Structures are given as structure tokens and as C-alpha cells.
Asker: 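Before I ask anything, here is the structure I am working with.
What you see is a predicted model; the values in this text were computed from it and never measured. For the numbers below, each heavy atom of this structure counts, side chains included, while hydrogens, waters and symmetry mates do not. For ligands, and for the atoms within them, numbers begin at 1 and follow the listed sequence.
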Amino acid sequence: MSIQLEELWNRTLDIIKNELTEVSYNTWIKSITPMSMDDSTIQLGVPNNFTKDILVGRYNDLIINSIKSTTSKTYKLDFIINTDDVVIEPKKTKVKIQDNVVANVLSSSLNPKYKFKSFVIGNSNRFAHAASLAVAESPAKAYNPLFIYGGVGLGKTHLMHAIGQYILDNNPNSNVVYVSSEKFTNELINSIKDDKNEEFRNRYRNVDVLLIDDIQFIAGKERTQEEFFHTFNTLHDANKQIILSSDRPPKEIPTLEDRLRSRFEWGLIADIAAPDFETRIAILRKKADDEKLDIDNDVLVYIAKQIKANIRELEGALIRLIAYSSLTGKDMSVDLAMEALKDIISNKQSKQVTIELIQDIVSSYYSLTIEELKSSRRTRSISHPRQIAMYLSRKLTDMSLPKIGEEFGGRDHTTVIHAYEKISTNIKIDQNLENIINDLIKKIKQN
Ligand SMILES: Nc1ncnc2c1ncn2[C@@H]1O[C@H](COP(=O)(O)OP(=O)(O)OP(=O)(O)O)[C@@H](O)[C@H]1O
């Protein structure tokens, strides 16, 4: 970069900084690297297509005008992708002006700790964070619905709350509703029982922003899916923002109606993966700073090396260490961390995979009861998960074939062999099945 361009860009940044929230500035503007300029055009490098779309769509004029205030000249901007790590092609929806809806702020269900500011960004969640902020900045204007998915304790709820609060901060009259799919289902059941269906509908069909957490749990529940289908259509048609979270992508939610699955895929799908080591350290460091504690890096490294797959557990370990240190009056050190966390860590290392655990995870994945899984029923919606559970029992435990058969409602060992062989063969030709099996193995091992 030439010195002239560097100076120009720094002065431009000073102007833009005053125009945007810190989070928007850090996410979009800071990701730009000025590359080169000639008499009429400035080339700006950006990390991916998604960021480019947002910059061109929302910030082009701001950048041009800010450059103009330092140079008194109008330059054209040319955005080039530096490294393109995002492959998702978001579907754009029509832009309409939002109605002014009477205030009905149900902000109490939003946790004030879960803001964009407190969310640590790393490679594993960068895209989900950018997508969430893009939606929060312009609800229902670009990506609708936003579907965030990822494993347990990786920040889905945090991002959803952050979106809700960002929207409320900018527009306190917005009607923002956050609900878990379990609560949605329970409220529906109660409304049917108490003959208050109309009230239920009005509550959910008159919102500006609807956030539903853990949407995978409505799979297999016919009436809830039906009701949600109409809620979804009403809101989408009225240009209201819908944000959903799940532990897996729509195509991997078994027993989800196709009409819902396709709707979930209409907007933007963003995943969150387990954090890498640097991100785990950054999360721990932020948490320690929030608590105003100066903790040695060695101690944080020890915790980050032990707990890898769940940020809730990572935070829990640090909180436990802090409590342990204050109760025993001992300074925080790696030795103290080993002592304080020995139960959690040895538990993690020695926990054995059992058939019971496999049955538990497979049945809840397919919204079945364990009794159904073990039953003699042969409908595919039950026999297929049963075969998967038998396959996993054979693969992940040391149990003998007769013992596995016994645990599945007293079946013969040849049935177990058949299930094992069938699933092993199908995995090789069915990518979707392979993904499901891998996902299940991950869940089993995480438990
Ligand atoms: N990137 C992050 N930066 C800071 N804190 C984070 C981050 N990701 C997750 N957390 C914290 O980890 C905890 C668990 O996150 P959260 O509840 O959002 O997970 P989840 O993906 O919704 O999990 P579940 O599947 O159990 O609902 C929260 O306290 C959250 O604040």
C-alpha cells in the first residue's frame, strides 16, 4: 500500500468510525484492506463475498463520502475478494419498508449479557457472527429467515439474543420475541387446552422479529409444525424477520416436514463449529477481564487444552477455578486448576459409551421414545433409527452381538449383524446418512 493511500485510508476510517456502532465498524469496515488507487478508483480488499455484498449494499456511499471529505474528490470503489472462505449464496428477498407496529417489547426474555460486544469472534463462528449482525442491522431486508446451527454450547443462543437486543437498541418500539421451540410448543398445547388459540396466534403473528431457539425439537410434532408453518408464512409475507437456531442444518433434521425444511433454506444458513485453541484462549481471557481478574496465561492454556468442544463448559471451568481459588484462599495457578477441575476432566476422559447412552441420543435425535426404539414395530420411521442405534452400539462399545440384541428388545444377534451390515453399506453411498452418523457419534462422544 502506498503511503498516500495509507494516510488517506486512515483519515477515512476516523470519519467512518464516528458514523457507526463499534460492532458494525469492527465487523465490516475493519475487515477492509486498501489495495491500490489511481485517479478515479480505489481498490479495496475484503475477506469474502458475504462481506463484499454488505459493503456494496450498505456502506458504499458512506465510504465514498468519507473519502470525499478528506480528498474533496469522488472516487469509485472496487471491492476485491482477498480470500473467499464463504460458499453460501444467500437468497435476497424484496426490500419493503417496515410497518410501524405498536410497541410491545418483550425484552425481558433477552439476557443482557449476550450482546455482540461480548461475543468473541474466531474462525469457527466468524460467518455466523457476520450474518447475525447483518440481520440485526437491517431486519427483514436481506436474509430471511436466518438459520444458525451448531453443536451444544457454541454460542447460538448468545447470537440470537445479541440480534434481538441490537434491534431493540436501535428501535425500542420493535416487537421482538425470543422463545425456545419447547416453550412455543407448550404455549400452543396450553392454548388449545384453554381454547385460546386466537390469542396464541395473535401473539406470534404480530411480531416484528421472531427468534426461535432449538427449532429441531418441533420435528415430529405435527400440530406444532402446522401452527409454525402458518406463523412463518404470515411473518415472512409481512416482511418480518425470522431467526432460527438448531443443532443441525435443515436437511439433517429428521421428520421435519418438507414444506418447513424448504422454508428454512430460503434465507441464509450459517454454522458455528467448535472453537479453535486461540479462540478458546480469547474467550477465557475476555471472561477473566470481565471479572477483573489477572490470570496467568499458563492457567488459561491449561483449561483451553482440556475443554475443547463446548464454550459453556469452558466458561464453567473458569468460574469453578475462580470460586475454588477464592474459597481456599490459594493463588490461581496451573496446579490449582488441576486440583479444581480434576472431577470435570477425569469424568470427560473416562466416561464410557454405553448402549443406553446410544439409545438415548438416537431416540431423541429422531424424536422417538426409547420404548419405541426397542419395540417390535417395523415402520421405517422407527426401524431405521433402530438399525442406526444397533450399528453404533456395535461400532462404539465392546458389547457382544447377543448382548446388543438383548438390549434392543431381545432381538437375535443375526438382526444386529444385518443392521450393522446394512448401515455400513449405505453410508458408502448416502452422504446424508454418513453426515447423520458422524453427527450422532459426535453427540455420543460429547456426553
Ligand atoms: N464466541 C463467544 N464469545 C463469548 N462467549 C461465548 C461465545 N460463544 C458462546 N459463548 C458463551 O458460551 C455459553 C453457551 O453459549 P450458548 O448458550 O449461546 O450456546 P448454544 O449454542 O445456544 O447452546 P445449546 O445448544 O445448549 O442451546 C454462553 O454463556 C455464551 O455467552
Side-chain angles (χ1 to χ4, degrees), residues 22-23 26-27 109-133 135-136 146-166 178-185 210-219 243-250 252-253 269-291 293 295 300 303-304 306-323 344 360-361 364-365 367 439-440 442-447:
E22 196 186 335
V23 179
N26 286 341
T27 306
S109 53
L110 296 172
N111 183 338
K113 279 207 249 160
Y114 294 168
K115 297 247 176 137
F116 282 117
K117 253 204 244 157
S118 57
F119 192 84
V120 176
I121 302 162
N123 287 333
S124 57
N125 58 30
R126 192 180 308 282
F127 180 56
H129 170 268
S132 301
L133 182 63
V135 164
L146 171 65
F147 191 101
I148 306 171
Y149 78 90
V152 175
L154 295 183
K156 302 181 294 293
T157 304
H158 189 133
L159 281 178
M160 294 185 103
H161 285 228
I163 297 171
Q165 291 178 93
Y166 192 99
Y178 166 85
V179 71
S180 65
S181 78
E182 209 178 351
K183 187 160 176 239
F184 183 85
T185 307
L210 178 62
L211 302 118
I212 302 203
D213 216 345
D214 286 325
I215 194 74
Q216 75 274 8
F217 289 126
I218 71 165
I243 299 143
L244 306 166
S245 88
S246 164
D247 64 349
R248 59 201 101 150
E252 285 175 24
I253 306 178
I269 299 180
D271 75 312
I272 309 190
D276 55 24
F277 177 72
E278 287 74 22
T279 313
R280 299 202 295 280
I281 292 283
I283 290 171
L284 290 170
R285 175 64 61 210
K286 182 158 188 32
K287 189 93 198 154
D289 289 350
D290 289 349
E291 302 289 327
L293 289 168
I295 303 178
L300 301 187
I303 301 175
Q306 303 299 326
I307 297 172
K308 297 179 179 160
N310 181 329
I311 297 175
R312 188 177 298 116
E313 286 183 4
L314 192 69
E315 285 185 348
L318 183 64
I319 290 166
R320 191 177 164 121
L321 173 61
I322 295 170
I344 306 179
D360 197 26
I361 292 196
S364 83
Y365 194 86
S367 310
D439 201 19
L440 284 166
K442 215 163 73 198
K443 282 184 196 306
I444 291 164
K445 296 216 159 140
Q446 268 174 9
N447 254 268

Asker: Looking only at distances, can you tell me whether any N or O atom of Ile121, backbone or side chain, sits closer than 3.5 Å to an N or O atom of ligand 1?
Answerer: no
Asker: Walk me through it: do Asp214 and Ser180 pass the test side chain to side chain donor-acceptor pair (under 3.5 Å)?
Answerer: CA-CA 6 Å; Asp214 286 325; Ser180 65; over 6 Å; no
Asker: Taking only non-hydrogen atoms of Gly150, do any sit less than 4.0 angstrom from ligand 1?
Answerer: no
Asker: For atom 26 (O) of ligand 1, what's the nearest protein heavy atom and its distance?
Answerer: Arg312 NH2, 3.0 Å
Asker: Any heavy-atom pair between the side chains of Leu133 and Val23 that's under 4.5 Å?
Answerer: yes
Asker: Under 4.0 Å from any heavy atom of Ser118, which atoms of ligand 1 are there?
Answerer: 3 (N), 4 (C)
Asker: Quick test: of every protein heavy atom, which one is nearest to atom 23 (O) of ligand 1, and how far off is it to 0.1 Å?
Answerer: Gly153 N, 2.8 Å
Asker: Drop me the distance from Ser181's OG to Ile212's CD1, to the nearest 0.5 angstrom.
Answerer: 7.5 Å
Asker: Can you pull out the closest protein heavy atom to atom 18 (O) of ligand 1? Residue, atom name and distance to 0.1 Å, please.
Answerer: His158 N, 2.8 Å
Asker: Under 3.5 Å, is there a donor-acceptor pair between the side chain of Arg280 and the main chain of Ala304?
Answerer: yes
Asker: Can you tell which part of Glu315 has a heavy atom less than 4.0 Å from ligand 1: side chain, backbone, both or neither?
Answerer: side chain
Asker: Using side chain to side chain contact (heavy atoms under 4.5 Å, CB included), reason through Phe217 and Glu182 one step at a time and then give a plain yes or no.
Answerer: CA-CA 7 Å; Phe217 289 126; Glu182 209 178 351; 5.6 Å; no
Asker: Taking 4.0 angstrom as the limit and counting only heavy atoms of Gly155, give me the atoms of ligand 1 inside it, by number and element.
Answerer: 8 (N), 9 (C), 15 (O), 16 (P), 18 (O), 19 (O), 20 (P), 21 (O)
Asker: Find all atoms of ligand 1 within a distance of less than 4.0 Å from any non-hydrogen atom belonging to Asn125, and give their numbers and elements.
Answerer: 1 (N)
Asker: For the residue pair Thr279 and Gly122, what are the closest heavy atoms and their distance?
Answerer: OG1-CA, 3.6 Å
Asker: Any nitrogen or oxygen of Asp213, side chain or backbone, less than 3.5 Å from one on ligand 1?
Answerer: no
Asker: Nearest 0.5 Å, what's the CD-CD1 distance between Glu313 and Ile319?
Answerer: 12.5 Å
Asker: Go through the steps for Phe147 and Ser246 under the test side chain to side chain contact (heavy atoms under 4.5 Å, CB included), then give the verdict.
Answerer: CA-CA 8 Å; Phe147 191 101; Ser246 164; 3.5 Å; yes
Asker: Short question: side chain of Lys156, backbone of Gly150 - any donor-acceptor pair under 3.5 Å?
Answerer: yes
Asker: Which residue holds the protein heavy atom closest to atom 28 (C) of ligand 1, what is that atom called, and what is the gap in Å?
Answerer: Tyr114 OH, 3.5 Å
Asker: Less than 3.5 Å between some nitrogen or oxygen of Leu154 and one of ligand 1, yes or no?
Answerer: yes
Asker: So how far is it from Tyr178 OH to Tyr114 OH, rounded to the nearest 0.5 Å?
Answerer: 8.5 Å
Asker: For atom 10 (N) of ligand 1, find the nearest protein heavy atom and state the residue, atom name and distance (0.1 Å precision).
Answerer: Ile311 CG2, 3.3 Å
Asker: To the nearest 0.1 Å, how far is atom 25 (O) of ligand 1 from its closest protein heavy atom, and which atom is that?
Answerer: Lys156 NZ, 2.9 Å
Asker: I'd like to check which ligand 1 atoms, numbered from 1 as shown, lie under 4.0 Å from a non-hydrogen atom of Gly151.
Answerer: 21 (O)
Asker: Considering non-hydrogen atoms of the protein only, which is the closest contact for atom 22 (O) of ligand 1, and what is the distance?
Answerer: Thr157 OG1, 2.5 Å
Asker: Quick one: does Val120 get an N or O within less than 3.5 Å of an N or O on ligand 1?
Answerer: yes
Asker: Taking the side chain as C-beta and beyond, is there a heavy-atom pair between Tyr365 and Asp439 under 4.5 Å?
Answerer: yes
